[in-house]
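Heads up, the thing below is written out as structure tokens.
Bear in mind the structure is a predicted one, so any value in this text is a computation, not a measurement.
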Amino acid sequence: MTLAQPVSNFARAPAIADPVLRVEGLRTTLSLKRGAIRAVDDVSFSLGKGETLGIVGESGCGKSMTALSIIGLLPRPIGRIEAGAIQLQGVGDLAKLPERDMKRVRGHHVSMIFQEPMTSLNPVFPIGFQIDEAIRTHQHVDRREVRRRTIEMLELVGIPLPEARYHNYPHQMSGGMRQRVMIAMALACKPKVMLADEPTTALDVTIQAQILKLMNRLKDEVGASILLITHDLGVIAKMAQRVLVMYAGVVVEESDAINLFARPLHPYTIGLLKSIPRGRPEGERRARLHTIKGVVPSLLNLPRGCRFSDRCADVHEPCRIAEPPLAPPDSGGDRRVRCWLHHRPQKS
């Protein structure tokens, strides 16, 4: 299957010789009353300098938990990193850093744009004070210089009259302006890696386009890399050079954006792409929207074998016996896929 949009509209994926961020075998566990679950199960990937890597999948697939594991903001005391390494260039393994050291890294070397700025910004402090605090925590500069940098950041993200807006409270700003404040705060100390968790959720289409364009421009200006978490494949197409598709805590496909949209391999990825609403010629009836049958399995009761087997139209016997590896397909290439349709099952 192919998208109507020509693949030439996608950015080419850069080669990753010296990644800024490398995640290896990450396993994140949540201890719930009903039992312990692996919200992130053996996830590995690399992020190159200046690259945007998209993570896409349904709610509950482990996208946000992956980001929270990287930045050290797992819900306590139920969340913990059970295994794996998170290597940040120039810092070391974030998974093993004590919290006092992680506080120095968070916001300085790696920062996060959260999904809903109204719940992430403190309602009782002006937005200028909150950006000031991020700079004061990591930069040894006087109060006047901190204020100058904050106003400079507000101007950089396109907020009009930044000197006046410096004194505004979050409720005095629109949703789009609050999201720009979150981006200004995330970039205030020029981090190496920016984690963006659904950065355009709840924004109208026009504001979404402005925010995405802004993120791309600022990424180029400050040289940051972006890990973009979203369920919106349209956002992925506009922003990402490479894509991870996650399902039930695991990566089921990894590819550059061009090949993922032009020739998806995993049945789950194919289903996601088919579910994108299409335009229709004038006079034709709107086609029924494609859906993936069934629901995401509970992480407390995963099916035997492939985690997608209960919903897959192409399921066959090996799928219900053993989980396939995440590896290059039998046809070769730089991609990775977790599917027996593309691997020869090993004989026992």
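- Taking NE2 of His108 as the reference point, atom CD of Gln139 lies at 5.0 Å (rounded to 0.5 Å).
- With Ser225 contributing its side chain and Gly48 its backbone, the two residues share a donor-acceptor pair below 3.5 Å.
- Of the possible polar contacts, none joining the Arg34 side chain to the Leu300 backbone as a donor-acceptor pair under 3.5 Å is found.
- Here the CD1 atom belonging to Ile55 is positioned 5.0 Å from the CG atom belonging to Leu244, to the nearest 0.5 angstrom.
- Residues Thr137 and Glu133 are in side-chain contact: their nearest non-hydrogen atoms beyond the backbone lie under 4.5 Å apart.
- Between Phe129 and Asn122 there is no side-chain heavy-atom pair separated by less than 4.5 Å.
- In this structure, CG on Leu74 lies 5.5 Å from CZ on Arg76, to the nearest 0.5 angstrom.
- Residues Leu73 and Leu228 share a single hydrophobic cluster, defined by chaining ILVMFWY side chains whose heavy atoms lie under 4.5 Å apart.
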Practice item. Kindly indicate, with the supporting measurements, whether the criterion side-chain contact (heavy atoms from CB on, under 4.5 Å) is fulfilled by Asp330 and His342. Key: CA-CA 6 Å; Asp330 291 338; His342 300 281; 5.8 Å; no
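- Heavy atoms of other residues, nucleotides or ligands lying less than 6.0 angstrom from CD of Glu317 number 12 at most.
- Between the His138 side chain and the Cys189 main chain, no donor and acceptor come within less than 3.5 Å of each other.
- Leu121 and Pro170 get closest at one heavy-atom pair: CB-CG, 3.9 Å.
- Taking OG1 of Thr28 as the reference point, atom CE of Met65 lies at 8.5 Å (rounded to 0.5 Å).
- Proximity of a side-chain donor or acceptor of Asp93 to a complementary backbone N or O of Ile86 within less than 3.5 Å is detected.
- Residues Ile321 and Leu302 do not share a hydrophobic cluster, clusters being chains of Ile/Leu/Val/Met/Phe/Trp/Tyr side chains in contact below 4.5 Å.
- Considering only heavy atoms from C-beta on, Arg217 comes within 4.5 Å of Leu156 through its side chain.
- The nearest pair of heavy atoms linking Phe114 to Ser120 is CB-OG, 3.2 Å.
- In the displayed structure, Asp101 atom CG is contacted under 6.0 Å by more than 12 heavy atoms of other residues, nucleotides or ligands.
- The residue from Leu272, Val243, Leu326, Leu260 that alone fulfils the side-chain contact (heavy atoms from CB on, under 4.5 Å) condition with Glu253 is Leu260.
- Closest approach of Leu227 and Ile70 over heavy atoms only: CD2-CD1, 3.7 Å.
- A distance-only check finds a donor-acceptor pair linking the side chain of Arg307 to the backbone of Ala248 [under 3.5 Å].
- Comment: Asp310 engages Arg320 in a salt bridge, judged by a side-chain N to carboxylate O separation of less than 4.0 angstrom.
- Nearest heavy atom pair, residue Pro264 against residue Ala262, reads CD-C, 3.8 Å.
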Exercise for review: Applying side-chain contact (heavy atoms from CB on, under 4.5 Å), run through Gln210 and Lys213 and close with a yes or a no.
Suggested key: CA-CA 5 Å; Gln210 292 176 2; Lys213 186 177 180 180; 5.8 Å; no
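- For the pair Arg165 and Arg180, the minimum side-chain heavy-atom distance is 4.5 Å or more.
- Of the possible donor and acceptor atoms, none in the side chain of Glu24 sits under 3.5 Å from a partner among the backbone N and O of Ser44.
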**Study point:** Full working for side-chain contact (heavy atoms from CB on, under 4.5 Å) between Leu30 and Leu299
**Key:** CA-CA 10 Å; Leu30 297 178; Leu299 295 179; over 6 Å; no
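- Of the possible donor and acceptor atoms, one in the side chain of Arg178 sits under 3.5 Å from a partner among the backbone N and O of Met173.
- No path of Ile, Leu, Val, Met, Phe, Trp and Tyr side chains, each step under 4.5 Å between heavy atoms, connects Leu265 with Tyr268, placing them in separate hydrophobic clusters.
- Side-chain atoms of His266 come within 3.5 Å of backbone N or O of Arg338 as a donor-acceptor pair.
- Using a 3.5 Å distance cut-off with no hydrogens or angles, the side chains of Gln89 and Asp18 do pair a donor with an acceptor.
- Between the side chain of Lys63 and the backbone N or O of Met246 there is no donor-acceptor pair closer than 3.5 Å.
- Side-chain contact between Val235 and Glu198 is absent, with no heavy atoms from C-beta onward closer than 4.5 Å.
- Across Val193, Leu94, Val91, a single residue satisfies side-chain contact (heavy atoms from CB on, under 4.5 Å) together with His109, and that is Val91.
- Ile131 and Tyr169 are not part of a single hydrophobic cluster, where members link through side-chain heavy atoms under 4.5 Å apart.
- A salt bridge links Glu145 with Arg148: at least one charged nitrogen is closer than 4.0 Å to a carboxylate oxygen.
- Contact between Val40 and Gly62 at its shortest, heavy atoms only, is CG2-O, 3.8 Å.
- Of all non-hydrogen atoms in Asp42 and Gly25, the two that sit nearest each other are OD1-CA, 3.3 Å.
- Here the side chain of Lys219 pairs a donor or acceptor atom with the backbone of Gly50 at under 3.5 angstrom.
- Heavy-atom contacts from other residues, nucleotides or ligands closer than 6.0 Å to CZ of Arg100 number 12 or fewer.
- Side-chain contact between Thr200 and Leu212 is present, with heavy atoms from C-beta onward closer than 4.5 Å.
- In this structure, Thr206 OG1 and Ile211 CD1 are separated by 12.0 Å, a value rounded to the nearest 0.5 Å.
- Inter-residue side-chain proximity for Pro160 and Met177 is flagged as met; some heavy-atom pair is nearer than 4.5 Å.
- In this structure, the side chains of Val337 and His343 come closer than 4.5 Å at one or more pairs of heavy atoms.
- With rounding to the nearest 0.5 Å, the separation of CD in Gln241 from CG in Leu53 is 9.0 Å.
- Residues Val181 and Leu214 fall within the same hydrophobic cluster, defined by Ile, Leu, Val, Met, Phe, Trp and Tyr side chains chained together at heavy-atom separations under 4.5 Å.
- Looking at Asp41 and Arg27, a side-chain N of the basic residue comes within less than 4.0 Å of a carboxylate O on the acidic one, giving a salt bridge.
- The environment of CD in Glu155 is sparse: at most 12 heavy-atom neighbours from other residues, nucleotides or ligands sit within 6.0 Å.
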Review point. How far apart are the C-alpha atoms of Val251 and Phe45, what are their side-chain angles, what is the distance that settles it, and do they pass the side-chain contact (heavy atoms from CB on, under 4.5 Å) test?
Key: CA-CA 9 Å; Val251 175; Phe45 62 87; 5.8 Å; no
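- With respect to the salt-bridge test (charged N to carboxylate O, under 4.0 angstrom), the residues Arg147 and Glu163 do not qualify.
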